Number of protein chains: 2
Amino acid sequence: MTPFDAITTPLPRRLREGLDRIAAAMRADEWGVAEEAGLTPTQLHALTFVAGRGDAGMRLRAVAEHLGVTQPTATDSIAALVRKGLVIKLPDAQDKRAVAIRVTQAGCDVVRAIGLAMTSAERALETLSPQEQQTLLDLIIKTIRALQQAKAIPPQRLCVTCRHFRPYAHEDAELPHHCALVDAAFGGRHLRLDCAEHDPAPQPAREAAWSLFARRAPEPAGPGA
Amino acid sequence: MTPFDAITTPLPRRLREGLDRIAAAMRADEWGVAEEAGLTPTQLHALTFVAGRGDAGMRLRAVAEHLGVTQPTATDSIAALVRKGLVIKLPDAQDKRAVAIRVTQAGCDVVRAIGLAMTSAERALETLSPQEQQTLLDLIIKTIRALQQAKAIPPQRLCVTCRHFRPYAHEDAELPHHCALVDAAFGGRHLRLDCAEHDPAPQPAREAAWSLFARRAPEPAGPGA
DNA sequence: CAAAAATAATTAGGAATCCTAATTAAATTC
DNA sequence: GAATTTAATTAGGATTCCTAATTATTTTTG
């Protein structure tokens, strides 16, 4: 405990504020990207989410939770996307109360076109060294997982919660992990945040894999590039 | 280059998406916090920003840039805060076009009351080990600085761009940096993102300090707590 | 120094976001 | 089978947030 600890705001507070500053830049970015496609930022987020889930068809509730808004707000935004022909709403086969929201071909095209754009946030993140980027990915995953466990965000399709994930299955420090689905080794820099092939591991297996993963650190961030 | 590099989206893209997920949680948090004070999230952000600058009086433009919105939008939000008596608008002495926006006593009280609340984002960040938190702070600072240099966000009052900052002035690995203003040693975990005493260093000195700072890494993130 | 250009802020107008509360319909639970 | 929960929408309204145009002032420049 040094004098500075007493006069400095708690570290988690400053981390949140820092993430907030980065979020402000991302928010400003979004108008530019979305408008090219004739969308608003919220609509673009919703469309990207729905498109990422392919033909399965998302529930409205899932969209709302992903965006962090209420169901009526999600109704608004999805209605706008339906009007623009980028998604369609189909009756859900299992549950007659629900709808299955699916991306259309036009919607796919829009997502693909926009995916090529590079935001200023991404350009900023690119200035970090590869090692730093990997370290940041690791910390982001840990934070997302904590948010997920606290039910502050819905379950994400993370490698680290997947049935096929085998942390530190290999000696190779470069590619220590293993994906049992594709049966291949991969590294910390390849860890996904939203894998289409994600299959949730049962709770006990997940805990075991997580504790094995979390207690091993990536290489130190090292000097800048 | 492994097979996985080819089938994985670029790391900066995934980092942005991850930050986006965390931002979604923060956005959802904000309604809860703001509503207790009878504010909207945007108003709370604006108020916090103005309050953080004390009696100097902020320009409207600075508020808009901080929030990442246009001037008319900032006019809206500041007008709401004026109506609620949390800030006042005074004519700027130097420039008759401009206004000086200052927090009132009531506004200070609101900020103080809200400052005690802990968001789910902060609780999630708290689950990281102290070492991981410090590493994350370091990476956030680097990202903010890159955004700042790209003019994607306005200048922040970071230690690392301050006239009084002396990176790695001490041997002590725990407290390597030095603040010439208070003439005391401090550590990476104490680095500020918005210091009231910030005094921008001239460009050459800033570059020199930055390169000295950026090329030294914090300790590895190490095993989780 | 006067004209031109840039800047600070507001106004006007309108679409979209986003909330709470209430409603409808279907699925679950007991 | 009744009561509860859940999925989604509707209703109503405040706020956000944009672009474009306006006013007033400052700065630049010829």
Side-chain angles (χ1 to χ4, degrees), chain A residues 23-24 26-47 50 57-84 86-101 154, chain B residues 23-24 26-47 50 57-84 86-101 154:
Chain A
M26 296 199 297
R27 209 150 344 133
D29 269 345
E30 280 166 2
W31 274 100
V33 177
E35 276 196 329
E36 275 179 39
L39 300 173
T40 64
T42 305
Q43 288 168 20
L44 178 55
H45 268 132
L47 176 60
V50 173
M58 295 311 297
R59 296 254 177 113
L60 187 84
R61 179 151 236 290
V63 176
E65 283 177 348
H66 177 86
L67 297 178
V69 299
T70 59
Q71 266 180 354
T73 298
T75 298
D76 279 352
S77 293
I78 292 296
L81 292 174
V82 170
R83 248 183 284 121
K84 292 173 185 177
L86 304 179
V87 305
I88 46 173
K89 277 162 53 170
L90 303 167
D92 185 297
Q94 328 289 294
D95 186 337
K96 287 183 191 163
R97 293 168 303 181
V99 292
I101 300 163
Chain B
M26 296 199 298
R27 210 151 342 131
D29 269 343
E30 279 166 2
W31 274 99
V33 177
E35 276 195 328
E36 276 180 39
L39 300 174
T40 64
T42 305
Q43 288 166 21
L44 178 55
H45 269 131
L47 176 61
V50 173
M58 295 311 297
R59 296 255 177 112
L60 187 84
R61 176 143 237 280
V63 177
E65 284 177 347
H66 177 85
L67 297 178
V69 299
T70 58
Q71 265 179 354
T73 298
T75 297
D76 279 350
S77 293
I78 292 297
L81 292 174
V82 170
R83 246 183 286 121
K84 292 172 187 179
L86 305 179
V87 305
I88 46 172
K89 278 163 51 171
L90 303 167
D92 184 296
Q94 329 288 295
D95 186 337
K96 287 182 190 163
R97 294 168 303 181
V99 292
I101 300 162

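Keep in mind that this is a model prediction, so the values were computed, not measured. Here is the naming used below: chain letters follow the sequence lines, and residue numbers restart at 1 for every chain.
- Note on the helix from C:dC1-D:dG30 to C:dC30-D:dG1: angle between the axes of the first and last five pairs equals 30°, rounded to 10 degrees.
- Remark: B:Thr73 is in phosphate contact with D:dC18, judged by side-chain N or O atoms under 4.0 Å from OP1 or OP2.
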- Message: Using a 4.0 Å heavy-atom cut-off to protein, can you give one letter per nucleotide of nucleotides 10-15 of chain D, 5' to 3': B if the base is in contact, S if only the sugar-phosphate is, - if neither?
- Response: B----S
Report, one line per pair, each donor and acceptor closer than 3.5 Å where one atom sits in a side chain of residues 69-79 of chain A; sequence neighbours left out.
| residue | atom | partner | partner atom | Å |
| --- | --- | --- | --- | --- |
| A:Thr70 | OG1 | A:Thr73 | OG1 | 3.3 |
| A:Thr75 | OG1 | A:Gln71 | O | 3.1 |

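- The structure places CG of B:Leu67 at 8.0 Å from CZ of A:Arg27, a figure rounded to the nearest 0.5 Å.
- Which of C:dT20, C:dA8, C:dA26 sits closest to the side chain of B:Asp95 comes down to C:dA8.
- Computed from coordinates, the B:Gln71 CD to D:dA20 P distance equals 15 Å when rounded to whole Å.
- Using a 4.0 Å cutoff on non-hydrogen atoms, no part of residues 26-36 of chain B comes near DNA chain D.
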Atom pairs, protein N/O to nucleotides 5-7 of chain C N/O, distance under 3.5 Å:
| residue | atom | partner | partner atom | Å |
| --- | --- | --- | --- | --- |
| C:dT7 | O2 | B:Arg97 | NH1 | 2.4 |

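- Considering only side-chain atoms of A:Leu60, the nucleotide from C:dA9, D:dT26, D:dT9 that sits closest is D:dT9.
- In this view, B:His45 satisfies the ring-ring contact (aromatic ring centres under 6.0 Å, His included) rule with no residue, not counting sequence neighbours.
- Between the P atom of D:dC18 and the CG atom of A:Leu39 lies a distance of 16 Å, rounded to the nearest Å.
- Rounded to whole Å, the distance from CG on B:Leu67 to P on D:dT16 is 10 Å.
- At least one side-chain nitrogen or oxygen of A:Lys89 sits closer than 4.0 Å to the OP1 or OP2 atom of D:dT9.
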